[in-house]
**Q** 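Input: one structure, supplied below.
What you see is a predicted model; the values in this text were computed from it and never measured. Quick note: numbers below take in every heavy atom, side chains included, and nothing from hydrogens, waters or symmetry partners. Letters A, B, ... are given to chains in the order of the sequence lines, protein chains preceding strands, and every chain is numbered from 1.
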Amino acid sequence: MTRLLRDFFARDTLIVARELLGQALVHDTPDGRAAGRVVEVEAYTGWNDAASHGHRGLTPRSAVMFGPAGIAYVYLCYGVHWMMNVVARPEGVDYPAAVLIRALEPIEGLHLMEKRRMGRPRRDWSNGPGRLTLALGIGKAQNLADTAGSHSALHWEQGETIPDESVMRGPRIGIDVPEPSKSLPWRLWVKDNPHVSRGR
DNA sequence: CGTTCGATGCACT
DNA sequence: GTGCATCGAACGT
């Protein structure tokens, strides 16, 4: 198994988002290991991205998006759901950027994932940003974790390469559209994969 | 199948 | 005080 290290994340945000498709997100916990293949992501990047938490400048919450690539940005949404991002940006630039992980295909620790998802059907274990964090046991404690460290409990392992013809792109989900930047096609997913989120 | 709507914590104004 | 990068229960087809 080959881990994805700093160099992978220290590149253009859209390149990282594209290449994250097909890679494995792995979390080792006292309960065991659980892992899923990335099948859906969203990029949030740059000063002009009005949908990005970094858009309004550096705040206590968004500071991580201005920091080193490979660090996890985990935050609570709607008071209920934890969302996981990974900081992705070339070195030597100063804008905020991260990739939101929106859906995984379960590949390891299936028993553990089923337990964490309380017996729901397998297809619903990790087909949404708030669901995959439950399935992998990711929460507040993983915010600021270094996913690119060579011994990190939360990390990435090299998976399959998704061919260009299987990569679909469209507007990001759950954001209002008035600002032009919000309709950018920065949601990427694997074509026809049943574990992609439904989107509302 | 589909749609609606309440839950819920916290960063930010 | 306001507004979310959502989910799942509950209801109507």
**Q** Report the distance from atom CH2 of A/W82 to atom C1' of B/dT8, rounded to the nearest whole Å.
**A**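 Nearest whole value for this atom pair: 12 Å.
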**Q** Would you kindly say whether A/Y73 and A/H53 are connected by a side-chain donor-acceptor distance under 3.5 Å?
**A**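 Result is yes, a qualifying pair exists.
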**Q** For A/R89, is there an ion pair with A/D12 - N to carboxylate O distance below 4.0 angstrom?
**A**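 Looking at A/D12 and A/R89, the cut-off is not met.
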**Q** With a 4.0 Å cut-off, would you call A/R131 and A/E40 a salt bridge?
**A**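 A/E40 and A/R131: not salt-bridged.
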**Q** Going from CH2 on A/W125 to CG on A/L110, what distance comes out if it is rounded to the nearest 0.5 angstrom?
**A**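 If I round to the nearest 0.5 Å, the distance is 5.5 Å.
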**Q** Please classify the nucleic acid contact of A/N85 as base, sugar-phosphate, or nothing, using heavy-atom distances under 4.0 Å.
**A**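 Touches a base.
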**Q** A/K140 has a side chain; which of B/dA11, B/dT13, B/dC10 sits nearest to it?
**A**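 Closest of the options to the side chain of A/K140: B/dC10.
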**Q** Is the shortest distance from a Lys or Arg side-chain nitrogen in A/R11 or A/E19 to a carboxylate oxygen in the other one below 4.0 Å?
**A**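 Here A/R11 pairs with A/E19 in a salt bridge, since their nearest N and O are under 4.0 Å apart.
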**Q** Any idea which of C/dA5, B/dT8, C/dT6 is nearest the A/V80 side chain?
**A**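 Ranking C/dA5, B/dT8, C/dT6 by closest atom to the A/V80 side chain puts B/dT8 first.
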**Q** Whole Å only: how far is the CG atom of A/L184 from the P atom of C/dA5?
**A**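 The answer, rounded to whole Å, is 15 Å.
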**Q** When the distance from OH of A/Y44 to P of C/dC4 is rounded to whole Å, what number comes out?
**A**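 Rounded to the whole Å, the gap is 12 Å.
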**Q** Provide, to the nearest angstrom, the distance between the CE atom belonging to A/M83 and the P atom belonging to B/dG9.
**A**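 It is 15 Å, rounded to the nearest whole Å.
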**Q** Rounded to whole Å, how long is the line connecting atom CG of A/L134 with atom P of C/dT6?
**A**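 Spelled out: CG on A/L134 to P on C/dT6 is 14 Å.
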**Q** Rounded to the nearest Å, what distance is computed from the CG atom of residue A/N127 to the P atom of nucleotide C/dT6?
**A**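 Rounded to whole Å, this separation is 13 Å.
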**Q** Contact class for A/R117 vs. all strands (heavy atom < 4.0 Å): base, sugar-phosphate, or nothing?
**A**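 Counting heavy atoms under 4.0 Å across all strands, the contact made by A/R117 is with sugar-phosphate only.
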**Q** Please determine, for the side chain of A/R120, which listed nucleotide (C/dG8, C/dC7, C/dA5) has the closest atom?
**A**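 Output: C/dG8.
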**Q** Measure from CG on A/D49 to P on C/dA5 and round the result to the nearest Å.
**A**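 So the CG-P distance, A/D49 to C/dA5, works out to 11 Å.
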**Q** Tell me which nucleotide among B/dG9, C/dC4, C/dA5 gets nearest to the side chain of A/L76.
**A**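 When the side chain of A/L76 is considered, B/dG9 is the closest of B/dG9, C/dC4, C/dA5.
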**Q** Taking the minimum atom-to-atom distance to the side chain of A/Y78, which one of C/dC4, B/dA11, C/dC7 wins?
**A**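 Nucleotide nearest to A/Y78's side chain: C/dC4.
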**Q** Reading DNA chain B 5' to 3', what string of ( ), [ ], | and . shows its pairs, if Watson-Crick and G-U wobble pairs count only when both distances fall under 3.5 Å?
**A** |||||||.||||.
**Q** Send over the distance from A/R116 CZ to C/dG8 P, rounded to a whole Å.
**A**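 Spelled out: CZ on A/R116 to P on C/dG8 is 16 Å.
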**Q** Between A/D164 and A/K191, does any side-chain N to carboxylate O distance fall below 4.0 Å?
**A**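 Salt bridge flag = no for A/K191 with A/D164.
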**Q** Taking OP1 and OP2 of C/dA5, is either one under 4.0 Å from a side-chain nitrogen or oxygen of A/H53?
**A**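 For C/dA5, OP1 or OP2 has a side-chain N or O of A/H53 closer than 4.0 Å.
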**Q** Is any side-chain nitrogen or oxygen of A/R102 closer than 4.0 Å to OP1 or OP2 of C/dT6?
**A**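 True: A/R102 side-chain N/O within range (under 4.0 Å) of C/dT6 OP1/OP2.
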**Q** Hey, is A/D146 close enough to A/R6 for a salt bridge, meaning N to O under 4.0 Å?
**A**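 A salt bridge is present here (some side-chain N lies under 4.0 Å from a carboxylate O).
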